[in-house]
Amino acid sequence: MLWEDVHSLNKSSKMKKTAAVFLLAMILAIMYFITYTRNTESYDQEAPKLKIADYITHKNNPPKEVKFDPSDAKKYEKLIRPYTIAHDKNCVLTIPDNFMGFGDLPLRIPDRKELESLSVDVITCLYHRYVTTIQIFCGLKDRAGEVKRNGWYVCGDPAYSPKQNCIVFLSNKAFPEQTFSDDMKSRYKCRVYNTPLSSNHTLQSWIEQTNNTQGTVDVLTLSINSTSELKIIDKMVRDDSIKKVRQLLLELHFDPKTTDAEVYIQLLERLRMLYSIGLRITWFDQLIHCATNKFNKCYAVYFIQPDLRDKSKGVAKVDLPSIDNIRKLNGNQIADLYFSYIETTQFFCQHILRIGRITDGGWNVCHDQMLKMKSPCIVYSFGVFNDLSFDDEVAATYNCKVYAFDPTTPFDTHQHGPRVWFSRIGLGDSYRKFQAGYVAPLTQIRAKLNHQSEPIAILKADIEGAEWSSVPNMINTHQLEDVSQLYLEFHGDGNTANQLILLKMIHDAGFRIFWYHINPACTFNKSLLRRSRCQEVYFMNTKFKAKNS
């Protein structure tokens, strides 16, 4: 019978649970049963609201060691891409609880005196987590310029979107901004100026030299790669010119291998200053070319100034028409609506953690929601090929039991790790042979693993186009109702009715987008550099039953 080795391993593991582990799981379940409110449908408000109650981590209840016979895994280790999980890569255990906050300050930066009393590890973690934590909601992150490198995201919500005759200052030296400049001129009808900043050429002086009668700058790009350049931020804060900037697009370049505690403290001080004058982080990008095994060498951090928003406007909303009306649209209309929809977030998650490789192979997890799940949680990971970095790390971070699937691998069904099982099978709309293994509907896979009534914390699928047939099957058979987070990589041009209809089905099933990632390896062509044939889209199930968490 298919997967009987994995099934027996799972069954044996259940039989060996001790009373102590059961009691621990019950305690964690009660602790994680914390309700918080999210307004995911009220798009006419300034932003969806979020309450983070008690910020719970596994540091107070670490998972017990699981006995694991690695003999089967060792047979296949040369066929699997090696990955070493860096200790507390996302700083879940390192940052003390008293620095965790709520609202538009989910992570607090202390003053210098308190920073100097902290360990190097805590100081380092505060920086890397602060620049990757979202403080305020923006629905539409509009990519201007190229996806691969030479571009930025602009908050396109009506409350913040640049209007005709908008002002853009280009003060970034990290990459050429010509394509970004061209997009801002053609798309938003902005006036764009090259405004290098220094001690002699300040932001205020550029505002005066460019005859900026409106007195505000709609978008300012800036890159900082040394402590001496931090004086640029000091000057903008001292003369209040930064308060005239609606959107600050900031790249920070500091290699963790050479950045010491004092430099991190200086960086944190400037980030604290930006917060104090009203700028809030609305998005971030862990730039792939800066990836390391643990922390990034550089980040793009996106700020907006709520005090300068158009208070008569709200957040972006993209409505999908009925299925009958979708079928009446032409290919270009479908593609425009498809990309607009998947690039507009609808659900506010503040703590986004990259689990697995920072480059291709990792996935972005809504940490807020994972801390509400019962432990041990269950994760289904479809489409791994030879990379199980996400699977290994999500198991270690959240004490999850992870079931990985792929019918195309050179290795067979086996237990890969203490909490990770692999099966050579994939998702499909029917059971059939496929390459080295089989594909089957999710309902059949869950039945084989005795998971029919078990909630799934994360279901991830990167299945090279099979999503278009397998996901409708999952929805029609009600298999996604008890899935909390759904991660899909969509493959295609987004210009066929069935592709847009699937997004409509996912929406109607209660799933809302909280994150998306454009795969730079799959961009369309030279005329459509901001679109990609491969889009990672991250959904939260707003109908997820309370009994499951």
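Predicted, not measured: the structure shown is a model, and the values here were computed from it.
Ring geometry for His507 versus Tyr341: interplanar angle over 60°, hence perpendicular rather than tilted (30 to 60°). Between Phe175 and Trp152, the angle of the ring planes lies from 30° to 60°, which puts this pair in the tilted group. Classification of the Phe295-His128 ring pair by plane angle, with boundaries at 30° and 60°, yields parallel. Relative ring orientation between Tyr264 and Tyr127 is described as tilted, the plane-to-plane angle lying within the 30° to 60° band. Classified by interplanar angle (parallel below 30°, tilted 30° to 60°, perpendicular above 60°), the ring pair Trp363/Tyr487 is parallel.
Ion pairing of Glu489 with Arg533 is absent here, as no side-chain N (NZ or NE/NH1/NH2) approaches a carboxylate O to less than 4.0 Å. Look at Lys185 and Asp183 and you find no salt bridge, because none of the NZ, NE, NH1 or NH2 atoms lies under 4.0 Å from a carboxylate O. Taking a cutoff of 4.0 Å between a charged side-chain nitrogen and a carboxylate oxygen, Asp336 and Arg531 qualify as a salt bridge. Under a 4.0 Å N-O distance rule, the pair Asp157/Lys313 does not qualify as a salt bridge.
For residues 222-243, the set of pairs meeting the ring pair (Phe, Tyr, Trp, His ring centres under 6.0 Å) definition, not counting sequence neighbours, is empty. Applying the salt bridge (charged side-chain N to carboxylate O under 4.0 Å, His left out) rule to pairs touching residues 345-356 yields Arg354-Glu536, sequence neighbours excluded.
Of the listed residues (Gln499, Glu467, Gln535), just one forms a side-chain hydrogen bond (donor to acceptor under 3.5 Å, both in side chains) with His491, and that residue is Glu467.
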